[in-house]
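These notes are about the structure you will find just below.
Residue numbering restarts at 1 for every chain, and letters A, B, ... go by the order of the sequence lines.
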Amino acid sequence: MNTSVKIAGVTFQNPVMTASGTFGSGLEYSEFVDLNALGAVVTKGVSNVPWKGNETPRIAETYGGMLNAIGLQNPGIDVFIERDVPFLRSFNTNIIVNVCGKSTEDYIEVVERLTKKEADLLEINISCPNVKEGGIAFGQNPKMVEEITSVLKKHAALPLIMKLSPNVTDITATAKAAEAGGADAISLINTLTGMKIDINKRKFLLGNKTGGLSGPAIKPVALRMVYQASHAVTIPVIGMGGICSGEDALEFIMAGATGVAVGTANFMDPYATIKTIVGIESFMKKNQIGDINELIGCVEENNRPFGGCM
Amino acid sequence: MNTSVKIAGVTFQNPVMTASGTFGSGLEYSEFVDLNALGAVVTKGVSNVPWKGNETPRIAETYGGMLNAIGLQNPGIDVFIERDVPFLRSFNTNIIVNVCGKSTEDYIEVVERLTKKEADLLEINISCPNVKEGGIAFGQNPKMVEEITSVLKKHAALPLIMKLSPNVTDITATAKAAEAGGADAISLINTLTGMKIDINKRKFLLGNKTGGLSGPAIKPVALRMVYQASHAVTIPVIGMGGICSGEDALEFIMAGATGVAVGTANFMDPYATIKTIVGIESFMKKNQIGDINELIGCVEENNRPFGGCM
Amino acid sequence: MNIVKQAAEVICNDQISEGVYDMWLKNMMISHAAPGQFVSVYCKDGSRILPRPISICETDRTNKRFRLVYRVLGEGTKELSRVKKGETIEVMGPLGNGFSIDRTGHAILIGGGIGIPPMVELAKTLQCKKTIVLGYRDAVFLKEAFEGLCEIVIATDDGSTGIKGTVIDAIREKNITGDMIYACGPTPMLRGVKALAEQLGIPAQLSLEERMACGIGACLACVCKSKDKDEHTNVNNKRICKEGPVFFADQIEL
Amino acid sequence: MNIVKQAAEVICNDQISEGVYDMWLKNMMISHAAPGQFVSVYCKDGSRILPRPISICETDRTNKRFRLVYRVLGEGTKELSRVKKGETIEVMGPLGNGFSIDRTGHAILIGGGIGIPPMVELAKTLQCKKTIVLGYRDAVFLKEAFEGLCEIVIATDDGSTGIKGTVIDAIREKNITGDMIYACGPTPMLRGVKALAEQLGIPAQLSLEERMACGIGACLACVCKSKDKDEHTNVNNKRICKEGPVFFADQIEL
Ligand SMILES: Cc1cc2nc3c(=O)[nH]c(=O)nc-3n(C[C@H](O)[C@H](O)[C@H](O)COP(=O)(O)OP(=O)(O)OC[C@H]3O[C@@H](n4cnc5c(N)ncnc54)[C@H](O)[C@@H]3O)c2cc1C
Ligand SMILES: Cc1cc2nc3c(=O)[nH]c(=O)nc-3n(C[C@H](O)[C@H](O)[C@H](O)COP(=O)(O)OP(=O)(O)OC[C@H]3O[C@@H](n4cnc5c(N)ncnc54)[C@H](O)[C@@H]3O)c2cc1C
Ligand SMILES: Cc1cc2nc3c(=O)[nH]c(=O)nc-3n(C[C@H](O)[C@H](O)[C@H](O)COP(=O)(O)O)c2cc1C
Ligand SMILES: Cc1cc2nc3c(=O)[nH]c(=O)nc-3n(C[C@H](O)[C@H](O)[C@H](O)COP(=O)(O)O)c2cc1C
Ligand code: FES
Ligand code: FES
């Protein structure tokens, strides 16, 4: 049984990765999860200099989901390369570094520091709703997506994954823009911008007022966008948004994703990544599927006869 | 204690309405709910001629929400006026007729049939994701929103509420467009486009492939958009999306909504509308709020000192 | 009859076959349901927001009770199977139209798999001559509920009990005929029953299924294609939860 | 110590004061927790996806048990309050650093409201002279846990028991002094303790609270502002779930 997939020339032993920002750099979760078993560890966003993030509270629970406005707190690329890279390189898994910035120059600075020695792919977060400059501004405008993609492509030694925002009218426009700019892959979705109010205090629950909605609540929107995006481009798609199980992951794969990421589900269960991998494998075994690549994009139009679903 | 609000010159005894399509024309739920207690009954979408809707399955449950692709099945304006209007007019509540169409002419035809005798306000659904022509296409383009609003405004004897789609990059753009076109109010959000796949059959779960996501899962996105929209326009806003309780409704009111609608929650509990009204009243009593209008848009920036939420 | 939405006390909830559970609930109003009506069962877990439609298998008006027999399919029915005696669950009902009772002649009842439960109340109500044809994949359940009420014919896919084959095979093999067919089961079976009824020239009432949200006719989720225009929406669709779940076979497309 | 995430059996779960519950759970690993550590408690209801952080009140290593004392605040703790003896709940722990134990001199323990529980294990562990100042709005709970362990001073907002006022008022009124303060309670109280400690020149350890997602230091949700750059992210933030929840007062801003 083959569960390995290829994205931008890089082989992943299985399609299951961690979603950026939900797994740190793997250290904390390595207490629960053998990182060697993962397709890749996708790191928390890394910027050129340390970022201190937003005011607390940074998260709020919502019905079937959560809001976060961490604000990309991170130690900056120097500490990251010094401390996190050696730790991650001690495992037999791909490293995808998630990169954030407030300007094109910021992104370039980080991208240029990362070579085959430090990582396997780069994921460019142009869609974080929780920073004032840069971030989501890039991700909502197809022209800017294409531009930043092509600029970073010139500076990157590693394959580029552009991470798309779901807060757009037409996800196929930004997906195509990333492809046109030379992206090697796209990943989606980042979080949907949301809000929560504490009615007793008459205040926003989050320090940052708005936050990004993630978790199982958003899965149907994520799946639709992954389906649309993967049918709009020819580069591989990494799907995420509410994946909690092998079944969830298989929906994204059948919709057209080559890779999948588990994010918020780690908070619901620290073993979520491993359970997702095991779930995919047992589905394949049960259905005698020799190669997971057969499943990518296999969903068919619904021509079920009208009526009756017993 | 005053719970009454005014929208487009019409007085509502309280801000709580039904969300279009989740309450029929009130007949079925009148077995559980005294319609006299509601601020308004908002009807299922009505078109110029009968529509047969989409293939089944038309709904799918999702985590904390549901997808629907009913496809606006409705008996057409003739039957509606003959059968549903007399029924609804026998109650002491406002009638808001939700209008759908496949072309501007379709909308005009329905709008022209409805006068003060038949209804109190009109809600124009330019955001239904489940019909191929018209519907969402109008709702995602600010220019088209302004255009259809101003055309319908000319033909309408009743105040116009434009119902906005959340499947846009910038909700303030469509909100402002509706206002510029002469809308008397806006309502939001309609459903977020989503998808579900049956991995065993490798098929879309819905006959229509995609459907609209509603229910508590989407509340944070709805609330954010209601906040943004109500700060972008001066006309009243009717907020909806996942409201299940008085607390939920109060979040929308504090974010800036003058009215609120209860939709999917009716399926979770047929008494949901009444419970929402009672919940608002008891919050007002407990907090000694004499007039609900004091609460509209009262949410304040978060200047809570950093750290600690005990 | 009025529809109620209330908490109902669980009297018992026991597995009667692999993955099939038998639950009695206390509720006065619902115990007056007609054969073929159903209830909506609400989940306790908030992540599952829609109620599950389950047919009323049997009623006991004296003790104000009703019975559900259900198969564990997904998470909702799994949750239901874990509810313990003495706990309460929220239910809404009785819903739908139920079977039209024809008190004369010979009734043929046909139940396939988890479509068998509503046949119990029907068999108890029909006072005429009656035969029930029960179809199973393998394991037989609820057979004893029909003993003494009807002539019983069994068909199993694997031939482990009764005739090997479908309920249609059994009816043909046993040359069963009568004046009215009442059927509930998976759609392919109902299609077979519809064809058979046409061929034999017997009227047939079929109990249909569709995914539901409101359960009371408001949302238009659960329609089937109908011959006549439905008076509610003036199109050739009928609401399974309201005009159904039981329809005469010649009135609908399957 | 290793962190586990496991189902733990509920030994008991009883209300000990208006809205305050006392729960003992069975788990060998967590029964080895240090004073001031906490656990993440997972809800059963799927609509609540984040675990709830609750301090470990007391451990019983012999019987492999630990105790939680919690106040019903929202839906998650309400759900917890309904769990019955014999059922299991998912917990992760032990989490966080716990208090730094100073074995000499006179320890002043300060607990405010639902910040009192972790003081029980601490009082049991500290072998020096110790005074506990307990602050309540009105109803007193957990007082008996400290009897025989420490000198007990009580303050209530409404004056119904002990001194009328805050824990700070009580400390001033009683002229309590010592060599190390250990405190847990609402942020305004901790601010008062920090000021008092500075004024008296006594080091103070404060147990902080913040909304958490991962509970293990991965998501950076739960930070507080710190004097030193934290070595994890190289900014002046520390993770309450990992470097905390206990910090020396002079190391953080409140
Ligand atoms: C009128 C009617 C009567 C029924 N009577 C019985 C009965 O007596 N015994 C029994 O075991 N089953 C019966 N069913 C089927 C039963 O409703 C489903 O098995 C059940 O809803 C599955 O829920 P789940 O959470 O376990 O499955 P999931 O697949 O997890 O459910 C997800 C969603 O799909 C819906 N769904 C899934 N399958 C069906 C289905 N076949 N029909 C309608 N909705 C479905 C669920 O209600 C839920 O909203 C009946 C269905 C209808 C419409
Ligand atoms: C380290 C630590 C130790 C704690 N120890 C105890 C204890 O021993 N006893 C006790 O009663 N309470 C304790 N709390 C507070 C407890 O975590 C909250 O009361 C609880 O999470 C509320 O959950 P809920 O679902 O009832 O409330 P809701 O308000 O419905 O919860 C919604 C979300 O907000 C979070 N939340 C709400 N209030 C708090 C809070 N004060 N702190 C952190 N998260 C919060 C919840 O975890 C959840 O994610 C502790 C908190 C922390 C951080
Ligand atoms: C706490 C938290 C922090 C996140 N931080 C980042 C980040 O640094 N960079 C990024 O690209 N996405 C970030 N995300 C988005 C996730 O990677 C993911 O795209 C999103 O949460 C949807 O997936 P999920 O529903 O499985 O969590 C973060 C999400 C959460 C919940
Ligand atoms: C079954 C169903 C049918 C709907 N039909 C309509 C409709 O006819 N016209 C319309 O404007 N909105 C329709 N909607 C959208 C709702 O009115 C509402 O905007 C949306 O569901 C969000 O609110 P909720 O989460 O409270 O349901 C429908 C929603 C559902 C779930
Ligand atoms: S389920 Fe709503 S109409 Fe039948
Ligand atoms: S809760 Fe995730 S870092 Fe503390």
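Closest approach of B:M66 and C:A213 over heavy atoms only: CE-CB, 4.1 Å.
Contacts with chain B were tallied for C:I49, C:L50, C:L220; C:I49 has the most, counting heavy-atom pairs under 4.5 Å. Contact count versus chain B (heavy atoms, under 4.5 Å) is highest, among C:G215, C:G46, C:C214, for C:C214. Ranked by heavy-atom pairs shorter than 4.5 Å toward chain C, the options B:A265, B:G65, B:G215, B:P216 are led by B:G65.
For the side chain to side chain contact (heavy atoms under 4.5 Å, CB included) test, residues two or more places apart in sequence or in another chain that qualify with B:E112 are B:I108, B:H155.
Note that the NZ atom of B:K52 and the NZ atom of C:K225 stand 6.0 Å from one another [nearest 0.5 Å]. Distance CZ/B:F23 to SG/C:C219: 13.0 Å, rounded to 0.5 Å. Taking CZ from C:R48 and OG1 from B:T62, the interatomic distance works out to 12.5 Å, rounded to the nearest 0.5 Å.
Contact of B:Y63 with chain C is made through backbone and side chain together, with heavy-atom distances under 4.5 Å. Proximity to chain C (any heavy atom under 4.5 Å) is restricted, for B:F32, to the side chain, taken from C-beta onward. There is no contact between B:S25 and chain C, counting heavy-atom distances below 4.5 Å.
Around atom NZ of C:K64, no more than 12 heavy atoms belonging to other residues, nucleotides or ligands sit under 6.0 Å away.
Within the 4.5 Å cutoff, the side chain of B:E61 has heavy atoms near those of the C:R52 side chain. Here the side chains of B:T56 and C:R211 are not in contact, with every heavy-atom distance at 4.5 Å or above. Side chains of B:F267 and C:M212 form no contact here, defined as non-hydrogen atoms less than 4.5 Å apart.
The pair C:K5-B:E31 fails the salt-bridge criterion, with no side-chain N (NZ, NE, NH1 or NH2) lying under 4.0 Å from an Asp/Glu carboxylate O.
A donor-acceptor pair is defined here as one N or O able to donate and one able to accept, closer than 3.5 Å; no such pair exists between the side chain of B:N68 and the backbone of C:A221. In this structure, B:E28 contributes its side chain and C:I216 its backbone to no donor-acceptor pair below 3.5 Å.
Residues of residues 270-278 of chain B placed with any heavy atom under 4.5 Å of a heavy atom in chain C are listed by number as B:P270, B:Y271.
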